[in-house]
Every structure is written in structure tokens, then in C-alpha cells.
Visitor: 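Structure in C-alpha cells, see below.
If you're wondering where the values come from, they're calculated on a predicted model, not measured in any experiment. Letters A, B, ... mirror the listed sequences (proteins, then strands); counts begin at 1. Just so you know, these numbers use all the heavy atoms, side chains as well, and skip hydrogens, waters and symmetry mates.
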Amino acid sequence: MQNQEPTLHELQKIRREKLAKLRELGVEAFPYRYGRTHSSTNVLNQAEELEKSEEQVSLAGRLMAIRLMGKSCFAHIQDSAGRIQIYVKKDAVGEDQFDIFKLFDIGDHVGVRGTVFVTHSGEISIRVAEFVLLSKNIHPLPIVKEKEGEVYDAFSDKELRYRQRYIDLVVNPEVRKVFETRTRIVTIMRSYMDALGFLEVETPILQPLYGGALAKPFVTHHNVLEKDLYLRIADELYLKRLIVGGFDRVYEIGKDFRNEGMDRSHNPEFTMLELYAAYEDYTFCMTITEGLVAALASEILGSPELTYEGKKYDLTPPWPRYKFFDLVNEAIGKDARELTDQQIADECSKAGLKLDAGKTGRGKLLDKLFGAFVEPKLDGPCFVIDYPKELSPLAKRHRSDDGLVERFEGFLAGREFCNSFSELNDPLDQRERFEAQGLLREAGDDEAQPLDEDFLTALEIGMPPTAGLGVGVDRLVMYFTDQHSIRDVILFPQMR
RNA sequence: GACGAUGUAGCUCAGCUGGUAGAGCAGCGGCCUUUUAAGCCGUUUGUCGUGGGUUCGAUUCCCACCAUCGUCACCA
């Protein structure tokens, strides 16, 4: 639908005619640059002095409202900082120029030069002495009007908003704010990690073998090498190779790709922060998680209290830590570790899950059980710790319980947002875990991890004790911007 | 992937039990040199999501498909 030449509707024809008319009048419709002295908010903030000094200010922006009154005109222009009213008067600009201004439309970019004044109704405005067209709009913009906080004719069609984000951003200022906050969050993450001595690195997105998570990958093909490559599902295995290589602390913020369903908390490509620290264990990562989230809260919210979808959450560390099996056992009223695979499947069926104990591995069965009975109740913030070994092929065996691994997940608002463990660095144990994954794969689990021989070699070379953490950046942004859908925190979300 | 809801002018929406569509804003013309959802007068705009079918006739009924939203399944 997008690649068809759109039929020229009346509105667009009229704008093209205006463009032609402007050119006849000698107006350059798409000039090369415009020197600004101020932004809209600069002017609004310094209005008093600027008005007194009658200093000439130049600013540029997009026309968002035009109120023409015969021989004068009020209009609003919008720049990346905000909006400001301009006042164009025939007397001030001359008749020829005023006729040109009348050919301008909502959506045009203009540059204006003039002095600052305040209107009778108290709005800080620019009295325009001179204006130029900077770019002509020939495709009408949706007109959003507002009075006393109430919005009229909002541009609200989700499909159009996501597919034509450029319009969404022009017309819905709160959308711009969400993405500005997103960038601030990532910046804060970087400085937080940098301050702790972590080195930011980049690892391959195109990988000959995928790993580091349980997920289905996207497959692509390299023509010259004549082989298939995978888009990474996690950074993990490469970052650990770097720990083997001797970097003590590394992190990466980047996109992962998982070939799975989409909903309001899942986009096929999403952003993860992954970090690895040598000589630390998973308790270190809990501290990092708490510290990072608390830092975000104080810088973004100015308070440890987060409101998400009407509910309040206190993010002040430390957060409670609940053991995986304590939660599960309490929820089902039995000791899950004593149950057979079939019995776990039966418990799952009580929650309406149909699972085949023969085909699904024990780890996954337990995970289902957790997802069905525990997860929805985890308001958080909290950590769930010490997961079953079968579920975590890259995590180190628990120091005091052979059937568990030293792993935690962080929860907030009933949703997981991070995952961490004491990294498995025993190459022989790791090989066994891969082999167990291989058996699951043969049994039909297409999310089981393939064996990565080179990664095993790296572990054989020797990885120090290491802690690793992965944080879902999109989800954190959702919390801190109070957005309901992941699509509202990704500029160009995947559409069908 | 399953079920449900929705899809009408550039935008937001109305359209009862089938007779080829309306409003506000935007646009266009006119009046208006401090307006601000500017106002007043006049006026234009539509493959009624797409493709089939039923019918003399479908935006309205039926089927399929596409898209969006929601719930579930899968996962972060």
C-alpha cells in the first residue's frame, strides 16, 4: 500500500499550485540554511529582557496554526523545543510580502525575524519584521486543536501513528517527550556503567551460531560466503569471550532479535543492556540493578516513587528477594521439587495450560508453573532468585544446592525486566549443559540452545568467576514513561 | 496461531430495521490590523478497508482476505 503513487487529492493539488505561485513570485521554496538566534523556549524564558531591549530575534519552525485577520495574522510556529506565537502585520512586512505569507500553509517551515512582545491576552509573541519560507508542505498535516487542556481532533489512529511516526512526532508533543526520555535513560545507563569502570563494546549482530537465551532466531544469508547467519538473540556468549580475553568489566547496549510473537511487551527487535563483571557473583548484579533503577528514578522522576498505569511502586533499594521454589511451592501448596515431570504438567493444567510432559523439558515445565501461578502476582520491585538448573544452561550451579543455579530475575509491575546469573565458567559443566540442550532440541524444542564449540574453547582457556546481567531497556522505558505498549517506546515498531 | 472488537472525507467521528453518505476541524472564496479550538457568510471534498456473494438495489446482510486494538498462546 505504501509504494503506490498516492492519488493527488484536491488538498495536495492546491498546495502544489501554491508552491508554483510562490516560485512565480520569486520565492525560493526550499532554501539552504537559516541562521537562528533563539529557540521558542529561549524566547519564552527570556521574554522580559527581550521585550525591553527590543532585540531582534530569529527563529525557525513549522507553522502549526494560522489565524488570518485581513491585514494581519497570528500564527504558531513549532520547533524542537516547543511552540511560540508570531504576529505578521501587513504594515510591518509590506504588501508584497504579506501576499506571500497568505500562500503559506500549516505544515510549512518558516524562519522569522522580529522583536518580542506580549499580546493583550498575555501571550509572548514575535512581532515579525521579516520572514522566509524554509520548506513548503504539500501534504496536509492533521490539525490538532487544544483549548484548556482539552484536545480536539487528536491524531490518534494507532496504525497511522506508528507507520507514519514523523507525523505523530510533529502533531503529538507528548510522543516526542517519551522518546527524549528514552534517550536520557540510555544516557544515564551509560554513565552509570562507565562510572563503575565498565567498558562499552560492540559485538556481532550477524552470528554464525546464536545463543545466550532460549529463543527462536531470525535467519539470513550471506551470498558470498554462501552460508546462513543468525541475527543475535543475545550478546552473552561474545561478551563472555571478552571476559576470557581479559576485560574485567564490559557492557553493550544494543538490539537483539527474536523470531516470536508480538504483543504489547514484545517487539521482534528490542534493546538490551548486557553487562559482565569479572570476580563478582549474582549478588553484585542485584546491587547494580537496584542502583541503576534508583539512579534512573532520581534523575527521570526526581523521586524513588514510580507510578505505572495508576499503581505506585517504591523503587528504593534494597528490594525483597524471593526464592523461586519458595514462591512456586507456596502458590501450589506442594513441594514442586518432589514432583515428577508429569505431576508438574498436571499442576500446570489447573491453570489451563496444556503441556506434554514427554515433550517439554522439566525446566520449561517449572517455568510454566511459575508463569502461571507466581508471575502475575509479583508487583515488585523484587528479585526472584535461585532458579532450577534445567532452565538456565549458562548459569553456574548454586554453591549450596546442586539442583539450582545462582540466577535472579527482577520484576516490576508483574513483568520481568532483567535477568542475571553467576556465570557458568566450568567448561566441562558447560559442555554437559549444552548436551542437555541438544537432547531437548532433538525432542522438538526449537528454542533450546545449539552447542557453541568455540565458546567452550574460550571457557577452556579460562573465564574468571563472573557475574552477568541483562536488562530490557524498552521495558524500563515503558515504566519510566508510563507507556502501556512497547510500540509507544520504539520509534518505528514492527508492523504486520 | 486462536477468539473478540474495530476499519466511513486530510484528521476526529455520526449514519436506526438494505434505496450509492453527513457533522466539526482542515481546505477554497469573501469580510476582518492583538487573535488563540479566532469569528461571521458562502462552498468543495469520499473506489464507506480489499475482493467475492445474496438482492432489482449494499456503507448497511453473508463469506474470505488485509490492517489495528484487546484477551489468550509463545517469549524479554
Visitor: Between B:G27 atom P and A:Ile143 atom CD1, what is the distance in whole Å?
Guide: 6 Å
Visitor: Strictly below 4.0 Å, N to O, side chains only: are A:Arg161 and A:Asp488 in salt-bridge contact?
Guide: yes
Visitor: Would you list the protein and nucleotides 40-44 of chain B atom pairs, both N or O, that sit under 3.5 Å from each other?
Guide:
none

Visitor: How long is the gap from CG on A:Leu237 to CG on A:Asp452, to the nearest 0.5 Å?
Guide: 5.5 Å
Visitor: Thinking salt bridges, do A:Arg407 and A:Glu409 make one under a 4.0 Å N-O criterion?
Guide: yes
Visitor: What is the distance from CD of A:Glu123 to P of B:U34, rounded to the nearest Å?
Guide: 15 Å
Visitor: Using the side chain to side chain contact (heavy atoms under 4.5 Å, CB included) criterion, which residues pair with A:Leu169? Sequence neighbours excluded.
Guide: A:Arg165, A:Val175, A:Arg176, A:Phe179, A:Leu491
Visitor: Measuring only the P atom in each nucleotide, how far is B:U44 from B:C66? A whole number of Å is fine.
Guide: 39 Å
Visitor: Using heavy atoms and a sub-4.0 Å distance, could you list which residues of residues 77-93 of chain A are near RNA chain B? By number, please.
Guide: A:Gln85, A:Tyr87, A:Lys89, A:Asp91
Visitor: Report all side-chain donor-acceptor pairs from residues 109-118 of chain A shorter than 3.5 Å, counting only partners two or more places apart or in another chain.
Guide:
from     : atom 1 : to       : atom 2 : distance (Å)
A:His109 : NE2    : A:Arg62  : NH2    : 3.3
A:Arg113 : NE     : A:Glu130 : OE1    : 3.4
A:Arg113 : NH1    : A:Gln56  : OE1    : 2.5
A:Arg113 : NH2    : A:Glu130 : OE2    : 3.1

Visitor: Could you tell me whether A:Asn267 contacts a base, only the sugar-phosphate backbone, or nothing, with contacts defined as non-hydrogen atoms closer than 4.0 Å?
Guide: base
Visitor: Please write out the pairs of protein N or O atoms and N or O atoms of nucleotides 5-9 of chain B separated by less than 3.5 Å, giving the distance to one decimal.
Guide:
none

Visitor: Using atom P in both nucleotides, what's the gap between B:G46 and B:A23 to the nearest angstrom?
Guide: 14 Å
Visitor: For A:Lys71, what residues pass the side chain to side chain contact (heavy atoms under 4.5 Å, CB included) criterion, not counting sequence neighbours?
Guide: A:Lys90
Visitor: Is the shortest side-chain N/O distance from A:Lys368 to OP1 or OP2 of B:A73 below 4.0 Å?
Guide: no
Visitor: Who passes ring-ring contact (aromatic ring centres under 6.0 Å, His included) against A:Tyr313, sequence neighbours left out?
Guide: none
Visitor: Strictly by salt bridge (charged side-chain N to carboxylate O under 4.0 Å, His left out), give each pair with a member in residues 257-276 of chain A just once, sequence neighbours left out.
Guide: A:Lys255-A:Glu269
Visitor: Under the ring-ring contact (aromatic ring centres under 6.0 Å, His included) test, which residues partner A:Phe324, sequence neighbours left out?
Guide: A:Phe370, A:Tyr387
Visitor: Under 4.0 Å, heavy atom to any atom of RNA chain B: which of residues 61-72 of chain A qualify?
Guide: A:Arg67, A:Leu68, A:Met69, A:Gly70, A:Lys71, A:Ser72
Visitor: Whole-Å distance between B:G70 P and A:Glu309 CD?
Guide: 10 Å
Visitor: Just to verify, what does A:Ser72 make a side chain to side chain contact (heavy atoms under 4.5 Å, CB included) with, not counting sequence neighbours?
Guide: A:Met69, A:Tyr87, A:Lys89
Visitor: Applying ring-ring contact (aromatic ring centres under 6.0 Å, His included), can you list everything that pairs with A:Phe408, at least two apart in sequence or on another chain?
Guide: A:Phe383
Visitor: Give me the distance, rounded to whole Å, that separates B:A64 from B:G24 when you measure between the P atoms they each carry.
Guide: 39 Å
Visitor: At under 4.0 Å between heavy atoms, what does A:Ile14 touch on the DNA or RNA strands: base, sugar-phosphate, or nothing?
Guide: sugar-phosphate
Visitor: B:G57 and B:G1: how far apart are their C1' atoms, nearest whole angstrom?
Guide: 40 Å
Visitor: Is any side-chain N or O of A:His484 closer than 4.0 Å to OP1 or OP2 of B:G70?
Guide: yes
Visitor: Quick one: sort the A:Phe101 and A:Phe98 rings into parallel, tilted or perpendicular, breaks at 30° and 60°.
Guide: parallel
